[in-house]
Amino acid sequence: MTKGEVITLKDGRLKVPDKPIIPFIEGDGIGPDIWKATKRVIDTAVEKAYMGQKQIKWMEVLAGEKAYRERGEWLPEETLEAIKKYRVAIKGPLTTPVGGGFRSLNVAIRQKLDLYACIRPIKWIPGVPAPVTHPEKLDIVIFRENMEDVYAGYEWAAGSPEALKIIGFFKKELDVTLSDDSGIGLKPISKRGSERIIKKAVEYAIKHNRKRVTIVHKGNIMKYTEGAFMNWGMDMVKQDYGERFVSEKELYEKYNGKIPEDRILINDRIADNMLQQILLRSDEYDVIVTSNLNGDYLSDAAAAQVGGLGVAPGGNIGDNIAVFEATHGSAPKYAGMDKANPSSLILSGALMLEYLEWHEASSLIRNALEATVKQKIVTYDLARQMEGSTEVKTSQFADAVINNYESFVMHI
Ligand code: NAD
């Protein structure tokens with residue numbers, strides 16, 4: 001058997017060999033079932049798209065319950081080291097250990113590897129039941145900042161010595177009076193953190209021919225965190241990309257509201273308004289970039305709008321390092337039943353292939369999965385909402401996706 005190779009860096013870009021070693025974490029609960037299905041779907045797509053010339057050499061790394069059972073640790077250092085070394089990884093959902101010393105293993109992985117951009121493409125899969133009349137109008141990619149904001153992990157319980165000390169400091173040094181029974185949390189948002197996530201979104205828009213980038217923030221209230229996020233971003237875009245971007249003001253003053261062919265619109269929206277905008281003016285948004293908490297709400301709301309909370313893919317990306325993952329949890333009550341929907345992890349796999357620039361295999365998966373849903377072959381979660389559907393198991397859904405490859409492979 002041919003050995004795999006390490007993905008390296010050349011001129012600041014990933015250099016992907018034909019047989020890259022890619023670490024995977026199968027995950028807890030439904031993780032092993034959906035991972036097994038996903039792995040088959042990815043491997044067969046790569047095989048069909050490149051006729052054996054390319055192949056992923058999978059390498060299992062441990063995290064979560066399996067790591068605890070086998071190593072006595074929830075997140076072994078060697079897992080983080082392997083992801084750092086091999087640069088691209090994929091994971092199933094992990095159950096948050098109760099009393100395990102982690103707020104969330106997923107958050108810990110993102111923080112420790114500096115995976116500062118959470119990327120969620122949100123697009124309707126035709127046939128998936130959606131709560132709105134025109135789910136097809138929404139086709140966005142959300143970039144959520146992953147490291148800062150109220151998720152940074154600095155929180156102290158009401159009445160704790162730390163909270164009381166901070167309250168004392170505010171009163172003495174800044175003349176700010178807070179009630180002694182307050183819990184305290186920090187909301188740090190830095191210039192560097194804001195600029196790098198907004199740059200990621202901007203670069204994505206340029207690379208994928210998207211026409212709009214919208215910075216979402218709550219700067220009308222939180223001026224020096226949320227407002228600064230937007231201002232730093234706008235300044236950076238002006239300075240680093242100049243004429244490539246056009247502001248909303250310029251768009252109406254100079255271009256009659258129509259984005260010129262060779263330019264991209266950069267605008268901003270207040271977070272609460274944005275939740276209305278995606279519903280009422282879905283097709284006016286394209287790439288959205290936002291701070292951590294806003295991004296959390298917005299990505300779930302947008303995914304629900306297209307009926308896809310359980311099927312939406314996701315990736316956590318840093319500088320030349322990325323971990324792709326299902327966006328749902330480990331659904332422990334369906335563990336080991338071959339019942340859960342593997343679509344979110346499968347589509348995260350397609351996203352990973354796109355990141356590797358293996359576009360042919362990535363589109364093959366997406367097209368075949370869409371065709372499968374169109375044929376109304378779905379797992380229980382969608383079957384119960386789709387009239388005339390055929391309910392299949394996790395593994396059978398993977399078979400159906402693979403069976404559909406033949407109709408698309410000739411178009412590659
Ligand atoms: P969950 O996503 O596991 O489940 C919510 C609901 O959706 C449940 O009814 C579940 O049965 C259903 N569901 C989820 N995924 C499904 C799938 N693929 N197919 C069919 N139905 C599916 O959320 P939860 O119950 O809040 O969390 C369970 C555990 O997962 C917790 O320990 C939580 O911390 C963890 N979690 C992990 C991640 C992650 O790994 N990124 C994300 C969210 C939650």
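One-based numbering, in listed order, for ligands and for the atoms of each. Note that the coordinates shown come from a computational prediction; the quantities given were computed from them, not determined experimentally.
Between Tyr334 and ligand 1, no N or O atom pair is found at a separation short of 3.5 Å. Polar contact with ligand 1: present for Leu94 (N/O pair, distance under 3.5 Å). Between Ser330 and ligand 1, an N or O atom pair is found at a separation short of 3.5 Å. At under 3.5 Å, a nitrogen or oxygen of Asn106, whether backbone or side chain, sits near a nitrogen or oxygen of ligand 1. Backbone and side-chain nitrogen or oxygen atoms of Asp381 are examined, and none is located within less than 3.5 angstrom of a nitrogen or oxygen of ligand 1. Every N/O-N/O distance between Thr95 and ligand 1 stays at or above 3.5 Å.
No side-chain donor-acceptor contact under 3.5 Å links Gln55 and Asp43. In this structure, a donor-acceptor pair under 3.5 Å is absent between the side chains of Asn146 and Gln111. For the residue pair Tyr86 and Lys57, no side-chain donor N or O sits within less than 3.5 Å of a side-chain acceptor on the partner. Counting only N and O atoms by type, the side chains of Glu148 and Asn292 include no donor and acceptor under 3.5 Å apart. Neither side chain, Asp139 nor Trp124, offers a donor N or O lying under 3.5 Å from an acceptor on the other.
With a heavy-atom cut-off of 4.0 Å, Glu325 touches ligand 1 through its side chain alone. When non-hydrogen atoms are compared, ligand 1 lies under 4.0 Å from neither the backbone nor the side chain of Asp28. Heavy atoms of Thr96 found under 4.0 angstrom from ligand 1 belong to the backbone as well as the side chain.
Checking atom 26 (O) of ligand 1 against the protein gives no heavy-atom contact under 4.0 Å. Not a single protein heavy atom sits closer than 4.0 Å to atom 6 (C) of ligand 1. Within a 4.0 Å radius of atom 29 (C) of ligand 1, the protein contributes at least one heavy atom. Shown here, atom 2 (O) of ligand 1 is in close reach of the protein: a heavy atom of it lies under 4.0 Å off. Checking atom 36 (N) of ligand 1 against the protein gives a heavy-atom contact under 4.0 Å.
Residues satisfying the ring-ring contact (aromatic ring centres under 6.0 Å, His included) test with His359, not counting sequence neighbours, are none.
Between the Lys223 side chain and the Asn220 main chain, a donor and an acceptor come within less than 3.5 Å of each other.
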Would you please test Thr177 and Phe170 for side chain to side chain contact (heavy atoms under 4.5 Å, CB included) and show each step? CA-CA 7 Å; Thr177 305; Phe170 277 133; over 6 Å; no
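Geometric assessment of Arg144 against the ring of Tyr151 yields a positive cation-pi assignment under the 6.0 Å and 45° thresholds.
Across Ser343, Ser104, Gly329, Ala340, heavy-atom proximity to atom 44 (C) of ligand 1 is greatest for Gly329.
Counting protein heavy atoms only, atom 20 (C) of ligand 1 is closest to Tyr380 OH, 3.3 Å. In terms of protein heavy-atom proximity, atom 42 (C) of ligand 1 is nearest to His328 O, 3.5 Å. The protein heavy atom nearest to atom 10 (C) of ligand 1 is Ala331 CB, 3.7 Å. In this structure, atom 16 (C) of ligand 1 lies nearest to the protein heavy atom Ile30 CD1, 4.0 Å. Of all protein heavy atoms, the one closest to atom 19 (N) of ligand 1 is Asn341 N, 2.8 Å.
Of all atoms in ligand 1, listed by their number and element, those nearer than 4.0 Å to a heavy atom of Lys91 are 40 (O). Close approach of ligand 1 to Pro93 is summarised as follows: ligand atoms under 4.0 Å from at least one heavy atom of the residue are 40 (O).
Salt bridge Lys48/Glu406: present, at least one basic N to carboxylate O contact under 4.0 Å.
Each side chain to side chain donor-acceptor pair (under 3.5 Å) pair with one or both residues in residues 23-36, not counting sequence neighbours, appears once here: Glu26-Lys66.
None of Ile34, Val311, Leu347 except one satisfies the side chain to side chain contact (heavy atoms under 4.5 Å, CB included) rule with Pro342; the exception is Ile34. Across Glu77, Glu65, Glu78, a single residue satisfies salt bridge (Lys or Arg N to Asp or Glu O under 4.0 Å) together with Arg71, and that is Glu78.
Rounding to the nearest 0.5 Å gives a distance of 10.0 Å between CE of Met234 and CZ of Phe245.
Residue-ligand proximity: Lys339 is placed with every non-hydrogen atom at 4.0 Å or more from ligand 1.
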